[in-house]
Protein chains: 2
Amino acid sequence: MPKLDASLIAGLPPFEGLEKDELEQVLAPARSLRFEREKPIFEQEAEAHFFFVLLDGHVRVVRTTPEGQQVIVRYISEGEVFGIATALGRTAYPATAIAAVDCVVLAWPSALWPELSTRFPALGANTYRTVGSRLQEAHTRVIEMSTEQVEQRVAHALLRLVRQTGRKTGEGIEIDFPITRQDIAEMTGATLHTVSRLMSAWEGEGIVKSGRKRVTISDPHRLMLKAESREQR
Amino acid sequence: MPKLDASLIAGLPPFEGLEKDELEQVLAPARSLRFEREKPIFEQEAEAHFFFVLLDGHVRVVRTTPEGQQVIVRYISEGEVFGIATALGRTAYPATAIAAVDCVVLAWPSALWPELSTRFPALGANTYRTVGSRLQEAHTRVIEMSTEQVEQRVAHALLRLVRQTGRKTGEGIEIDFPITRQDIAEMTGATLHTVSRLMSAWEGEGIVKSGRKRVTISDPHRLMLKAESREQR
DNA sequence: CACTCACTTTGCGCGAGCGCAAATTCTCTG
DNA sequence: CAGAGAATTTGCGCTCGCGCAAAGTGAGTG
């Protein structure tokens, strides 16, 4: 196995505040792995033997209910940690992670977490900061689901995706990975039909441009208006 | 200020795995505080100067949207940590905590968290385990909101409350603190009207018994059926 | 290059649950 | 113990968004 170079992870948020030699020590027990598009990286309920950092690509995190319903918990972007069940005292992954596109990840054995987080406190702090913002984001979603209409929820979801993974193009900002109406529906608690109708309407208004598994926001500002407007309960 | 005794916190989940003398060291910088019913313990957006453990009572954690909408994030029971923004790298509380009944809490200055969690790794591990289950619970709520009808959501919410804070009485299991239809509505994303209608119906079926700010589950099993049944999207 | 399958669009009807309103009941306060 | 206010119940109409159905449109594959 070729030795991984510190430059791979230098500058990534989880490793902020670590010196070069520390980066190397952190990297030493890590393995680099590739996953093809739509291949699972880990499965819900499986034992959490590894935790991960995404080097390249996008990962979809999905939770499935006992009744077989799927909900997209979040998308992971480059440079984020994921699968950190261990850091939260869990022995199994609470959700399934699937490569949304071809991905490159780093994987550490979960058993090393206690040692790594003690030896490199910044790593622990960075990770728990991420956990904090995910917790807050989850609560935000609960609130959106409680208080907003479908139109606003979809608008908010798109804006969030654009903020996290937007890529500028000639026609606006494009979501950087393949995403279907069904996916958006699973993120917002709507049906793909309703999402499709909304997107068509917005396309007509010139707010978005979308094709098969592709969404571009041409007028983010007007979309923000959609996200905020309308009376609430 | 009277010195606090280790027995106060011995056996509480956050302090599991600490020795008696360690408990005393942890307790040394803590202050004990009382809060009257309906008084805020901390406010959303305020700087997180303290983190807390609830010794007695029940605390309601509420998040308010910019538009003034309120959503109940969770209830805290005896022996739980809360207000741990600091441990997640946040400087402000993301929500407001209100004493649902008269409460006794322990408060530590946030600035001590790094030192305490390093000196007593078990404390850190216990806390992050709690964070992990809260994150998972938040996702569970997102999923419920996405996939369930109001009736099931209310049933699930009641069952969760009963599990966390149930107190056995002659007529069933009672939720141990005052809770209004409005509160239940804010937990489930419904209106108090719909909650009221549901509870009336269930009362007629002999599943619950409820009065002003009081809810008793007389037939948890039948309520579980309500929570699970019904076709889903 | 055609075929197939996945994804998307669109129409139509219906029902859960909200919005609004008003009446009722319980609890606390003075 | 009476009055006031908070909490709860209940009715009614309406709308949003789902359920179901079917047709249309790409994009990848043999």
Side-chain angles (χ1 to χ4, degrees), chain A residues 36-38 60 69-72 100-102 144-155 157-158 175 177-205 208-216 226 229-233, chain B residues 36-38 60 69-72 100-102 144-155 157-158 175 177-205 208-216 226 229-233:
Chain A
E36 280 174 35
R37 188 164 172 278
E38 295 302 316
R60 187 170 69 235
Q69 307 261 89
Q70 288 206 343
V71 173
I72 296 183
V101 294
D102 291 352
E144 286 181 6
M145 302 283 297
S146 305
T147 64
E148 295 179 355
Q149 307 279 85
V150 169
E151 179 174 39
Q152 302 167 65
R153 299 207 302 266
V154 174
L158 290 183
I175 294 173
F177 50 85
I179 185 166
T180 65
R181 305 286 180 274
Q182 175 70 42
D183 290 334
I184 299 174
E186 286 181 15
M187 299 181 68
T188 54
T191 58
L192 79 163
H193 307 275
T194 302
V195 172
S196 177
R197 274 181 255 269
L198 282 172
M199 305 267 298
S200 297
W202 290 342
E203 185 128 22
E205 299 179 46
V208 307
K209 248 183 138 22
S210 75
R212 213 181 168 73
K213 295 196 176 188
R214 240 197 55 248
V215 178
T216 304
K226 297 278 180 196
S229 76
R230 279 303 147 81
E231 76 283 14
Q232 57 273 352
R233 284 184 212 156
Chain B
E36 281 176 34
R37 190 164 169 279
E38 295 302 315
R60 187 170 69 236
Q69 306 262 89
Q70 288 207 341
V71 173
I72 296 183
V101 295
D102 290 352
E144 286 182 6
M145 303 282 297
S146 306
T147 62
E148 296 179 355
Q149 307 278 86
V150 169
E151 179 175 40
Q152 301 167 67
R153 299 208 302 268
V154 174
L158 290 182
I175 293 173
F177 50 84
I179 186 167
T180 66
R181 304 287 181 273
Q182 175 70 43
D183 290 334
I184 298 174
E186 285 181 15
M187 299 180 69
T188 53
T191 58
L192 79 163
H193 307 274
T194 303
V195 171
S196 177
R197 274 181 254 269
L198 280 173
M199 304 268 297
S200 297
W202 290 342
E203 183 128 22
E205 298 179 46
V208 306
K209 248 180 137 23
S210 75
R212 212 182 169 72
K213 295 195 177 189
R214 240 196 56 247
V215 177
T216 304
K226 296 277 180 196
S229 77
R230 279 301 148 84
E231 75 283 16
Q232 58 272 351
R233 283 183 214 153

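Source: prediction; values computed, not measured. Order of the sequence lines fixes the chain letters, A, B, ..., with proteins taken first and strands second; residue numbering starts at 1 for each chain.
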*Asks:* To the nearest Å, give me how far apart NE2 (A:H193) and P (C:dC12) are.
*Replies:*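 My rounded result for the distance is 16 Å.
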
*Asks:* In whole angstroms, how far is the C1' atom of D:dA6 from the CZ atom of B:R37?
*Replies:* 12 Å

*Asks:* Please name all residues satisfying salt bridge (charged side-chain N to carboxylate O under 4.0 Å, His left out) with A:R181, sequence neighbours left out, ordered by chain then number.
*Replies:* none

*Asks:* Write down the distance between CD (B:E203) and C1' (C:dT25), rounded to a whole number of angstrom.
*Replies:*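 Computing the B:E203:CD to C:dT25:C1' distance gives 14 Å.
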
*Asks:* Please report the distance, rounded to the nearest Å, between NZ in B:K209 and P in C:dC26.
*Replies:* 13 Å

*Asks:* Starting at atom CD of A:E38, determine the distance to atom C1' of D:dG28, rounded to an integer number of angstrom.
*Replies:* 15 Å

*Asks:* In whole angstrom, give the distance that lies between atom CE of A:M199 and atom C1' of D:dT25.
*Replies:*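 Interatomic distance, CE of A:M199 to C1' of D:dT25: 16 Å.
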
*Asks:* Run the side chain to side chain donor-acceptor pair (under 3.5 Å) test against B:R37 and tell me which residues pass, sequence neighbours left out.
*Replies:*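 Result, side chain to side chain donor-acceptor pair (under 3.5 Å) vs B:R37: none returned.
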
*Asks:* Applying side chain to side chain donor-acceptor pair (under 3.5 Å), name anything that partners B:T216, two or more places apart in sequence or on another chain.
*Replies:*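 For B:T216, no residue satisfies side chain to side chain donor-acceptor pair (under 3.5 Å) once neighbours in sequence are set aside.
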
*Asks:* Between C:dC20 atom P and B:R197 atom CZ, what is the distance in whole Å?
*Replies:*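 My rounded result for the distance is 14 Å.
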
*Asks:* For the residue pair B:E186 and B:V71, what are the closest heavy atoms and their distance?
*Replies:*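 B:E186 and B:V71 have their closest heavy atoms at O-CG1, 3.6 Å.
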
*Asks:* Only counting residues at least two apart or in another chain, list the ones meeting side chain to side chain donor-acceptor pair (under 3.5 Å) with A:E205.
*Replies:*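 Result, side chain to side chain donor-acceptor pair (under 3.5 Å) vs A:E205: A:K226.
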
*Asks:* Between side-chain atoms of residues 196-204 of chain B and protein atoms elsewhere (two or more places apart, or another chain), which donor-acceptor pairs fall under 3.5 Å?
*Replies:*
residue, atom, partner, partner atom, Å
B:S200, OG, B:S196, O, 3.0
B:E203, OE1, B:S210, N, 3.4
B:E203, OE1, B:S210, OG, 3.3
B:E203, OE2, B:S210, N, 3.4

*Asks:* Hey, is the side chain of A:T191 poking within less than 4.0 Å of OP1 or OP2 on D:dC18, counting only N and O atoms?
*Replies:*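 For A:T191, the contact criterion (side-chain N or O under 4.0 Å from OP1 or OP2 of D:dC18) is met.
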
*Asks:* Nearest-Å distance, CD (A:E151) to C1' (D:dT15)?
*Replies:* 14 Å

*Asks:* Between the protein and nucleotides 3-8 of chain C, which nitrogen or oxygen pairs come in under 3.5 angstrom?
*Replies:*
residue, atom, partner, partner atom, Å
C:dA6, N3, A:R212, NH2, 2.7
C:dT8, OP1, A:K213, N, 3.1
C:dT8, OP2, A:R181, N, 3.0

